[in-house]
Amino acid sequence: MDQYVYFALKSERMSAEEMATRLGLEADEVTIRAGKRLEPPRPAMHIWQINVPRLSLPVDDMITALVDRLEPHAPAIGALADELDRHEPGHTAVLQVVRFFGDDDKNSEEERTTRPRPLGWHLDRRVLDFLQTIRAELDVDEYGDAL
């Protein structure tokens, strides 16, 4: 199983650089709208993104690490997300969880015993309050055919 977690602010109008300036926090990764193609614009949005390193941790622990890092900036993130929401209807702030489930038969014994638990994860009250403060949606994508 492979999995990762990140938080992103997205905008058609405001650059990731301006978001970083407004938040006082540099992104781990940025996407520039129309950086690859102008018509139609691809990528379609500017994205300011904070990542959690891909570690063999349970998803809830990865989310906690992300919240620990972003919590001091929560009021600024929430204010910026609110501003973006007013001018750009849609999904401007998102906590993204992505999990890929693979075939256990193809993994070594060490990979099977050191991987994060494959099923179930939990968001505690602190994380839920944080998501509300930063006005974020939770988006969970899971792929694969073996659980």
Side-chain angles (χ1 to χ4, degrees), residues 1-102 107 111-147:
M1 178 173 60
D2 184 28
Q3 59 188 9
Y4 59 93
V5 172
Y6 66 85
F7 172 74
L9 286 171
K10 303 174 183 182
S11 174
E12 289 183 7
R13 299 178 182 148
M14 186 181 293
S15 72
E17 182 180 341
E18 184 176 343
M19 291 181 213
T21 299
R22 300 268 302 270
L23 296 172
L25 181 63
E26 289 300 317
D28 294 331
E29 190 174 324
V30 298
T31 299
I32 299 171
R33 183 175 193 261
K36 294 181 181 178
R37 188 170 80 189
L38 291 177
E39 289 299 325
R42 295 290 178 253
M45 308 283 267
H46 296 289
I47 302 173
W48 176 94
Q49 184 171 314
I50 299 294
N51 302 318
V52 173
R54 288 186 178 195
L55 303 170
S56 293
L57 293 174
V59 167
D60 23 15
D61 291 345
M62 294 171 79
I63 292 170
T64 297
L66 186 67
V67 171
D68 289 345
R69 184 171 170 198
L70 291 175
E71 201 165 39
H73 305 277
I77 294 169
L80 182 55
D82 185 49
E83 179 182 333
L84 294 173
D85 286 344
R86 282 195 311 270
H87 299 289
E88 303 179 50
H91 315 287
T92 57
V94 63
L95 173 64
Q96 183 73 52
V97 176
V98 181
R99 296 172 20 120
F100 298 92
F101 296 95
N107 295 329
E111 289 172 321
R112 285 193 299 272
T113 58
T114 62
R115 71 175 185 197
R117 61 182 183 269
L119 299 175
W121 47 282
H122 168 257
L123 298 178
D124 63 22
R125 173 59 48 203
R126 174 182 172 232
V127 172
L128 294 173
D129 289 345
F130 173 76
L131 292 175
Q132 184 173 355
T133 298
I134 64 170
R135 303 184 51 78
E137 297 179 354
L138 173 63
D139 185 4
V140 178
D141 295 335
E142 294 186 329
Y143 304 98
D145 52 11
L147 293 179

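Residue numbers start at 1 and run along the sequence shown.
Rounding to the nearest 0.5 Å places CZ of R33 at 12.5 Å from OG1 of T31. Interatomic distance, CD1 of I47 versus OG1 of T92, reported as 12.0 Å (0.5 Å rounding). Rounded to the nearest 0.5 angstrom, Q49 CD and E29 CD are separated by 4.5 Å. Taking CZ from F7 and CD1 from I63, the interatomic distance works out to 13.0 Å, rounded to the nearest 0.5 Å. Residue D2 holds its CG atom at 12.5 Å from OH of Y143, rounded to the nearest 0.5 Å. The CG atom of L25 lies 4.5 Å from the CD1 atom of I50; values are rounded to the nearest 0.5 Å.
The neighbour count for I32 CD1, taken as heavy atoms of other residues, nucleotides or ligands under 6.0 Å away, does not exceed 12. Around atom CZ of R86, more than 12 heavy atoms belonging to other residues, nucleotides or ligands sit under 6.0 Å away. Atom CD of Q132 has 12 or fewer heavy atoms from other residues, nucleotides or ligands within 6.0 Å.
M45 and K10 get closest at one heavy-atom pair: CE-CB, 3.8 Å. Taking each heavy atom of P72 and P75 in turn, the nearest pair found is O-CD, 4.2 Å. A pairwise comparison of heavy atoms in D124 and V127 identifies OD1-N, 2.9 Å as the closest pair. Smallest separation of non-hydrogen atoms from Y6 and L66: C-CD2, 3.9 Å. P43 and K36 get closest at one heavy-atom pair: CD-N, 4.0 Å. Closest of all the heavy-atom pairs between A93 and L9 is CB-CD2, 3.7 Å.
A donor-acceptor contact closer than 3.5 angstrom links the side chains of E88 and S11.
For Q96 (side chain) and D139 (main-chain N/O), a donor-acceptor pair under 3.5 Å exists by modelled atom type.
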Derivation of the side-chain contact (heavy atoms from CB on, under 4.5 Å) call for V52 and L57: CA-CA 10 Å; V52 173; L57 293 174; 5.7 Å; no
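By the 4.5 Å heavy-atom criterion applied to side chains, E17 and V30 are not counted as neighbours. Q3 has its side chain out of reach of W121: every pair of non-hydrogen atoms, C-beta onward, lies at least 4.5 Å apart. Under the 4.5 Å side-chain criterion, counting only non-hydrogen atoms from C-beta, M14 is in contact with E83. Contact of the V140 side chain with the V59 side chain is not registered, since no non-hydrogen atoms from C-beta on lie closer than 4.5 Å. Residues L70 and I134 fail the side-chain proximity criterion, which asks for heavy atoms closer than 4.5 Å.
Among residues two or more places apart in sequence or in another chain, the side-chain contact (heavy atoms from CB on, under 4.5 Å) test is passed with A20 by E26, W48.
Contacts classified as side-chain hydrogen bond (donor to acceptor under 3.5 Å, both in side chains) and involving residues 65-77 (residues at least two apart or in different chains) are given here: D28-R69, D68-R126, E71-R126.
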